[in-house]
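Before any comments, here is the structure.
FYI, side chains are in, hydrogens and waters are out, and symmetry mates aren't considered; it's all heavy atoms of this structure. Residues take their numbers from the sequence shown, with the count starting at 1. Everything numeric here is computed off the predicted structure, so don't read it as measured data.
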Amino acid sequence: MSDWAVWLRLRLGRYHEAREFQQEAYDRARETLGETHELTLRSLSELALLAHAQGHFGKNIEIKEHLLPLARQAFGPDSPNAMFEQMRLAWGRLDEGRLDEAEALLTHARDRLRDTRGSDDFLTRRAMRWLSGVFTSQGRYEEGIQLRREVLDLERRLLSADAPWLHMSYYGLANLYARIGQWPQAAQLFADSLPYADPAKSLRPHENIYAAGLVAALRAGDAQAVGTIGPLALRHAGQPSESWEKRRDLIVSLLLAPDLAGNGRDLDTIAAQVIAEAPAARGETLLPALLALRRGQFTETTRLLAPSLANPAHPAAGLASALAAIAQHRLGNADDAIHLLLEARDCLDRLSRAGDLGRAVWYPHEEWLSVAHLALVCREAETLIHGEQLRPIPDEQTLATAREGWRTVGSPLEESDRAAIHRDWPTALEHLRTAIGLDYFDWSAAMLSRENFGAKAATLLASRGELSAYPQLIEQLIHEHPRSGALSANAVLLMHSESLPTGKLDSIVAAARFGAEDGPTTDGGNPWWSLELGLAELGTGNPQAALTTLKSVVGAFNLRCAGAAHAIAALAHWQLGEYEPARQRLAQAIDAFAELTDGNRQSLGPNWHEMLFLELTIQKAAQLPNADR
């Protein structure tokens, strides 16, 4: 009964009612049924989930720590209930950056479940899958792959062909291989997974398995896999029911296969349709340029690529340089072609420098896919211009060597993250400075290899007044696309527009509008993207529009997001001369911050930058004239 009541309140946006109702249900169950009753423990577990969803990571961990011994007492130390709560606590330890503890908890759960319930049990397989994620987070790729391989072998034997978890196992393992450059293994797994890739049954319908599989096959030089996946990719690209982002990735991947692009009238037609449907706020130029190149329109290709080529920090700058090199060579401009090719190769080397082309093991494939796109065009350009490859494209061994070199950078970055999770800002800043100062450090590699690195670095540096001292970071952040569930680095820049190079605000506003209006959203939209759009409207002198946009954000269940929205709304009211509403909004932001910091535990979880951003917005609003009256 309580589960449905909470769910309905969440669906209606009555978030605080949902939390209060769940707390009341737990208190009532504990009083009437006892602390270790199954319903009481389930209600407590729901409270932990709600705390996590609110951004209250410290409270989430405290509940999990309290829950585990109760579950052991109620159901037995080796029971499935107790083991699952132990696994969830391990995930909490991972959120706190305590990887060794997470590994120990998951290893124990995996071993006990295997002994008591067998390897075929669903919970045993889940423990193995989660442990694989910890290994990969620790840089132990081979161990992570081996564990994922064991899970896939079990599920191929146990599950039916239409089981979503089977698709997930294929996809997860294939992505792991791709991240470290083991392309033949990745291509084979993607090809093998196609019979199980029904989007209607996928647990992650946003994943673009056809684009990923095609590119892995191209990198592996697997003509058979390319021939199998290519037609399927084209068919899905032509389906209007697919998201625009997914169709765009499919077309780009298809156009990067010269044999497919040269023989496909249907591909040309569908590509033109996808280009015509591009969200206006996105400012898409790469796909039209790639289509023009395949049509032999080399002057038009160069014209379309000019905006990306003008900014070396643009995420697509490397790919744009490689495509422009091909176009310039076709136009007979040999020196320009060579210069552009060298720029593209330099970008590819930077993006490969960390040796891991992706991020967390449970993340989708977008990161390694973009690097693989660049590698394919560099290989095509070199072969065309020089008749052979001058330098090998980064392969498995090159990436393994790079991972070893990146350890010197990765170590202080991990220490910085751990310190920030526990609000030790001076130590976090010291380790960040250490990493940035190392000869091996590279902004492109850092942003690719660490989840939300750009937003975290920008927020930390901005909080210490040092953001403007890192122009390379600022240039990179301006074009960093906002991500679902995370604070975009662009929001940090908008709060500190004095650090921006002249004329860059419009670029951020365009990215913010795309993220809020045209990007993929979770149910009910993504409040962080709307928050960023509100900031963009405020920064361009439209406080009334900002208040309208922020109206849906101030009630967000995530208190960090809602609190920041209140603070930004305070800034908007102040610009309109509405000082009393401004003070009220600031007070609400301060209340949200106080609730999040209530209690002794200071763990902020992996998205600690959201909490720090809330602090920054409160500080900015509190500095306004009349803010304290």
Side-chain angles (χ1 to χ4, degrees), residues 1-27 42-64 88 91-92 95 452 455 482-488 491 515-516 519-535 546-570 584-599 601 603-615 617-618:
M1 179 66 179
S2 65
D3 290 347
W4 276 102
V6 171
W7 181 83
L8 287 170
R9 283 167 171 77
L10 290 174
R11 290 284 294 176
L12 293 171
R14 292 155 61 179
Y15 303 120
H16 296 288
E17 282 186 40
R19 186 189 60 186
E20 291 170 2
F21 190 93
Q22 187 63 54
Q23 181 68 54
E24 182 182 339
Y26 167 65
D27 292 340
R42 188 173 74 180
S43 187
L44 184 58
S45 182
E46 291 297 321
L47 270 179
L49 289 173
L50 289 173
H52 190 279
Q54 278 198 296
H56 210 321
F57 290 95
K59 184 172 291 185
N60 170 261
I61 296 295
E62 286 178 359
I63 294 174
K64 287 177 178 177
R88 292 182 63 198
W91 202 263
D95 282 348
N452 295 323
R483 292 187 175 279
S484 174
L487 175 65
S488 169
T521 61
T522 56
D523 188 23
N526 189 306
W528 286 110
W529 286 348
S530 296
L531 177 77
E532 183 177 334
L533 178 57
L535 254 178
L547 288 173
T548 301
T549 298
L550 293 170
K551 190 177 295 184
S552 65
V553 188
V554 292
F557 190 53
N558 187 308
L559 285 176
R560 303 177 185 205
C561 187
H566 280 300
I568 296 164
Q584 291 174 1
R585 291 292 196 184
L586 176 58
Q588 288 172 299
I590 292 171
D591 286 346
F593 184 81
E595 182 174 346
L596 286 165
T597 54
D598 182 39
R601 192 174 197 104
S603 174
L604 300 181
N607 293 331
W608 54 263
H609 57 297
E610 295 173 355
M611 188 68 170
L612 187 53
F613 182 72
L614 171 57
E615 274 191 83
T617 57
I618 290 174

Report the residues that fulfil side chain to side chain contact (heavy atoms under 4.5 Å, CB included) with [X], sequence neighbours left out, ordered by chain and then residue number.
X: Leu47; result: Gln22, Gln23, Tyr26, Leu44, Ile63
X: Ala589; result: His566, Ala567, Ile618
X: Ala565; result: Leu531, Leu550, Val553, Val554
X: Glu615; result: Arg423, Trp425, Phe593, Leu612, Gln619

What pair of heavy atoms forms the shortest contact from [X] to [Y], and how long is it?
X: Leu604; Y: Arg560; answer: O-NH2, 2.8 Å
X: Gly563; Y: Ala592; answer: CA-CB, 3.9 Å
X: Phe57; Y: Pro606; answer: CE2-CD, 4.0 Å
X: Phe613; Y: Ala491; answer: CE1-O, 3.8 Å
X: Gly534; Y: Ala546; answer: O-CB, 3.3 Å

May I ask you to decide if [Y]'s main-chain N or O and [X]'s side chain share a donor-acceptor pair within less than 3.5 Å?
X: Asn607; Y: Glu610; result: no
X: Lys64; Y: Ala48; result: no
X: His56; Y: Leu559; result: no

Between [atom1] on residue [X] and [atom2] on residue [Y], distance to nearest 0.5 Å:
X: Asn60; Y: Leu49; atom1: CG; atom2: CG; answer: 7.5 Å
X: Ser603; Y: Asp95; atom1: OG; atom2: CG; answer: 7.5 Å
X: Leu535; Y: Ile568; atom1: CG; atom2: CD1; answer: 3.5 Å

Sorted by chain and residue number, the salt bridge (charged side-chain N to carboxylate O under 4.0 Å, His left out) partners of Asp591 (sequence neighbours excluded) come out as none

Considering residues at least two apart in sequence or located in another chain, which fulfil the side chain to side chain donor-acceptor pair (under 3.5 Å) criterion with Thr549? Glu537

Any side-chain heavy atom of Leu614 within less than 4.5 Å of one from Leu596? yes

